[in-house]
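First the structure, in the form of structure tokens, and then the observations on it.
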Amino acid sequence: MRKPLVVALCALALAGAGATPAVAAAPSPTGADTTTGTAPATSLTDVVNDTVGAVADTLSGLTAPKSAAVNFAGTVSLSNCSGSVVRMPDSAASDPALVLTNGHCLESGFPSPGQVLTDRASSRTFGLLNASGAKVATLRADRLVYATMTDTDAAIYRLNTTYAQIKSSYGIEPLTLSSSRPAAGTAISVVSGYWKRIYSCSVDGFVHRLKEGDWTWKDSVRYTSACDTIGGTSGSPVVDDVTGKVVAVNNTGNEDGARCTVNNPCEVDENGGVTVRRGINYAQQAYPFTACFTTGNRLDLSASGCTVPKP
């Protein structure tokens, strides 16, 4: 799971370092989210988070070239991950906006294997970015609509504002989830709001089962090696460069070449064969969620075609 170490970032800030930090190990799943808003920091936690944001802004200049067609508009930064404001294919402008990130990015910690969370109170905040990657607003959730790390690794929050209000105030449209599975060879961009960095590569193929520690995911998207994502990119939208739609949500990669351990997922084929690809990164499919939301962006897990895990 791709989450950053706050301590390492603070050390960089205090030392005035200009080098990109190494990929971080996953933190304790019990750590609470403490995303800061626009008010001045008044606690040590706020200071730490403000420092993290400042370092991320500084390091954004040390990035690879960006895709010409894809930018940061509609992406968000979390205290520990990346994400995006998304709409379903049939969402209306008047609907409450949704934010997509990873299940392992929850403020409450990692969901257990087999656990599915729905309709939970949340006041989590998200930094909304414009096309150039500048933060233009702090958005706030009122519900955690859905989250799991079983079969997929996704969390969807409902905001206390509509798509129309976001467009009117900031001129930013949501990203649209694709209703179809991407094809191998599709040119994609992984857009990290946390690091303000865009990784460009292609879909290399698909993984029958991707196993990492106690968690197993189905039909995962494997990138070609150019998408060398790092800690903090968890939850980034994976955008089809041609359609501009979100086809997956970035979530992990094999860092050390270990087999099926945390931060070192392994591929398991239909016959139980295991393959380890050191340095290769992965995402989870987005299209299954489009069948699970109805009028008003309401989650309906009983809807026809909705195949995501249920509580």
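This structure is a prediction, so every number in the text was calculated from the model and none was measured. Residue numbers start at 1 and run along the sequence shown.
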Inset, instruction - Please report the C-alpha distance between Thr138 and Thr125 in whole Å, then the side-chain angles of each, then the deciding distance to 0.1 Å, and finally whether the side chain to side chain donor-acceptor pair (under 3.5 Å) criterion is met. - result: CA-CA 6 Å; Thr138 297; Thr125 57; over 6 Å; no
Legend entry - Taking every non-hydrogen atom, the tightest pair across Ile172 and Gly74: CG2-N, 3.4 Å
Inset, instruction - Specify the closest pair of heavy atoms between Val76 and Val99, including all atoms of both residues, with the distance to one decimal. - result: CG2-CG1, 4.1 Å
Legend entry - Pro111 side chain near Trp215 side chain, heavy-atom distance below 4.5 Å: no
Inset, instruction - Give a yes or no on this: more than 12 heavy atoms of other residues, nucleotides or ligands lie within 6.0 Å of atom NZ of Lys167. - result: no
Legend entry - Glu212 vs Leu210 side-chain heavy atoms within contact, under 4.5 Å: no
Inset, instruction - Quick one: list whatever passes ring pair (Phe, Tyr, Trp, His ring centres under 6.0 Å) with Trp217, sequence neighbours left out. - result: none
Inset, instruction - Measure across Ser112 and Thr150 and return the closest heavy-atom pair with its distance rounded to 0.1 Å. - result: O-OG1, 4.1 Å
Legend entry - Main-chain N/O of Ser236 paired to Asn250 side chain as donor or acceptor, under 3.5 Å: no
Legend entry - Heavy-atom pair with the smallest gap, counting every atom of Met1 and Ser234: C-OG, 4.1 Å
Legend entry - Thr224 versus Ser202, side-chain donor and acceptor atoms under 3.5 Å: no
Legend entry - Side chain to side chain, Val116 and Lys310, heavy atoms closer than 4.5 Å: no
Inset, instruction - Take Ile188 and Val203 through the test side-chain contact (heavy atoms from CB on, under 4.5 Å) and record every step on the way to the result. - result: CA-CA 7 Å; Ile188 54 173; Val203 174; 3.9 Å; yes
Legend entry - Distance in Å, Thr118 OG1 paired with Leu301 CG, rounded so as to fall on 0.5 Å steps: 6.5 Å
Inset, instruction - Check salt bridge (Lys or Arg N to Asp or Glu O under 4.0 Å) between Lys211 and all other residues, then give those that pass, not counting sequence neighbours. - result: none
Inset, instruction - Determine, stepwise, if the pair Arg222 / Asp204 fulfils salt bridge (charged side-chain N to carboxylate O under 4.0 Å, His left out). - result: CA-CA 5 Å; Arg222 181 177 62 241; Asp204 184 53; 2.8 Å; yes
Inset, instruction - Provide the closest heavy-atom pair for Thr148 versus Gln115 in the form atom of the first, atom of the second, distance. - result: OG1-O, 2.8 Å
Legend entry - Non-hydrogen side-chain atoms of Val276 and Asn254 separated by less than 4.5 Å: yes
Legend entry - Polar side chain donor-acceptor pair, Asn251 to Gln284, under 3.5 angstrom: yes
Legend entry - Short side-chain to backbone donor-acceptor contact, Asn281 and Cys227, under 3.5 Å: yes
Inset, instruction - Determine yes or no for a side-chain-to-main-chain donor-acceptor pair under 3.5 angstrom, with Glu267 supplying the side chain and His208 the backbone. - result: no
Legend entry - Heavy-atom closest contact (Arg140 atom, Ser123 atom, distance): NH1-O, 2.7 Å
Legend entry - Ser169 side-chain N/O to Gln165 backbone N/O, donor-acceptor pair under 3.5 Å: yes
Legend entry - Qualifying ring pair (Phe, Tyr, Trp, His ring centres under 6.0 Å) pairs with a residue from residues 129-179, counting only residues at least two apart or across chains: Phe126-Tyr157, Tyr146-Phe289
Inset, instruction - May I ask you to say whether Asp151 pairs ionically with Lys218, meaning some side-chain N is under 4.0 Å from a carboxylate O? - result: yes
Inset, instruction - Check for a donor-acceptor pair, side chain of Asp153 on one end and backbone N or O of Gly103 on the other, with a separation under 3.5 Å. - result: yes
Legend entry - Leu117 side chain near Leu106 side chain, heavy-atom distance below 4.5 Å: yes
Legend entry - Side-chain H-bond candidate by donor/acceptor type, Asp300 with Thr294, under 3.5 Å: no
Legend entry - Side-chain donor/acceptor of Asn264 to backbone N/O of Arg259, under 3.5 Å: no
